Amino acid sequence: MQALSSIHDWEVEAEKFSCETSVEKIDATTAAIHRIDFTCNAEDIKSHKRIMENKMHEALKEKEFPQITFKLKNPENIHTGVENVMVKGKLTIAGKTKEVQFPSVVRFTNETNLSVTGEIPLKLSDFNIEPPTAMMGALKTGYDIKIKYNFEFYKTSDNISKK
């Protein structure tokens, strides 16, 4: 995740998370996504700047709402290997759930592996989050953030199959 601030942009990274999907490969350019379940503990989002990391965890209401989740809204067929495949679902951050849609690139890297990459622009205010500040307000984070993701899924059952 990247946040803009009054001094410089700063980034945080989810070091641990769980993401499972159920995908059916229909043909070389089409797949059916049946399920996406993403969970990340807010405490597992880390920064190289310890002070901002603590402020971010506080802003995310980590103690009250320890998990960030995303769930696919409805199963859908998508075209693989093209830009801007829209993925729709419910994102929950700091206890607030919002329906979101975001562009992704979905590719089968071989017969059993799936790559999903993209970027989600969000506003902290959409999740009732006050941007973190530091240095007695001299460092202010804006409301706009970008969540960048790059998932590699590996076949663990017949959920990825070719018809």
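Since we're looking at a predicted model, the values are computed, not measured. Hydrogens, waters and symmetry mates play no part in the numbers below; they use all other heavy atoms, side chains included.
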Can a donor-acceptor pair be found, under 3.5 Å and without considering hydrogens, that links the side chain of [X] to the backbone of [Y]?
{"X": "Asn41", "Y": "Asp44", "value": "no"}
{"X": "His57", "Y": "Ile45", "value": "yes"}
{"X": "Thr21", "Y": "Arg35", "value": "yes"}

Gap separating the [atom1] atom of [X] from the [atom2] atom of [Y], nearest 0.5 angstrom:
{"X": "Ser22", "Y": "Ile33", "atom1": "OG", "atom2": "CD1", "result": "10.0 Å"}
{"X": "Leu124", "Y": "Ile145", "atom1": "CG", "atom2": "CD1", "result": "4.5 Å"}
{"X": "Ile147", "Y": "Glu119", "atom1": "CD1", "atom2": "CD", "result": "10.0 Å"}

Nearest non-hydrogen partners of [X] and [Y], listed with the distance:
{"X": "His34", "Y": "Glu24", "result": "NE2-OE1, 3.3 Å"}
{"X": "His79", "Y": "Thr30", "result": "ND1-OG1, 4.0 Å"}
{"X": "Ala28", "Y": "Thr80", "result": "O-OG1, 3.4 Å"}
{"X": "Asp27", "Y": "Thr29", "result": "OD1-N, 2.8 Å"}

message: Between Phe102 and Tyr149, is the ring centroid distance below 6.0 Å?
response: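 Yes.
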
- request: Might you confirm whether atom CD of Glu58 has over 12 heavy atoms from other residues, nucleotides or ligands at distances under 6.0 Å?
  value: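 No, because the 6.0 Å sphere around CD of Glu58 holds 12 heavy atoms or fewer from other groups.
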
Within a strict 4.5 Å, meaning less than it, do heavy atoms of the [X] and [Y] side chains meet?
{"X": "Val87", "Y": "Leu72", "answer": "yes"}
{"X": "Pro103", "Y": "Met86", "answer": "yes"}
{"X": "Lys71", "Y": "Asp37", "answer": "yes"}
{"X": "Lys146", "Y": "Leu122", "answer": "no"}
{"X": "Glu152", "Y": "Thr109", "answer": "yes"}
{"X": "Asn77", "Y": "Ile26", "answer": "yes"}
{"X": "Thr69", "Y": "Cys40", "answer": "no"}
{"X": "Glu130", "Y": "Tyr143", "answer": "yes"}

message: Closer than 4.0 angstrom, basic N to acidic O: yes or no for Lys73 and Glu99?
response: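 A salt bridge links Lys73 with Glu99.
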
- prompt: Out of Val116, Asn113, Ile36, which one pairs with Phe153 under the side chain to side chain contact (heavy atoms under 4.5 Å, CB included) rule?
  reply: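 So, applying the side chain to side chain contact (heavy atoms under 4.5 Å, CB included) to Phe153 and each of Val116, Asn113, Ile36, only Val116 qualifies.
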
message: Grouping I, L, V, M, F, W and Y whenever their side-chain heavy atoms are under 4.5 Å apart, do Ile120 and Val105 come out in a common cluster?
response: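 Hydrophobic grouping puts Ile120 apart from Val105.
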
- prompt: Going only through I, L, V, M, F, W and Y residues with side-chain contacts under 4.5 Å, is there a path from Ile129 to Phe65?
  reply: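 Ile129 does not cluster with Phe65.
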
- request: May I ask you to check if Lys90 and Phe70 form a cation-pi contact, with NZ or CZ under 6.0 angstrom from the six-membered ring centre and within 45° of the axis?
  value: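 No, Lys90 does not lie over the aromatic ring of Phe70.
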
message: In terms of relative ring orientation, are Phe17 and Phe38 parallel, tilted or perpendicular, with 30° and 60° separating the classes?
response: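 Answer is tilted, since the angle falls between 30° and 60°.
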
message: Test side-chain contact (heavy atoms from CB on, under 4.5 Å) on Phe127 and Leu91; report intermediate values, then the result.
response: CA-CA 10 Å; Phe127 295 91; Leu91 179 62; 3.8 Å; yes

- request: Go through Glu13 and Lys46 one step at a time and tell me if the side-chain contact (heavy atoms from CB on, under 4.5 Å) criterion holds.
  value: CA-CA 5 Å; Glu13 185 174 307; Lys46 305 292 184 184; 5.8 Å; no

query: Do Gln67 and Thr39 meet the criterion of a side-chain donor-acceptor pair at a distance under 3.5 Å?
result: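 Per modelled atom types, Gln67 and Thr39 side chains form no pair under 3.5 Å.
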
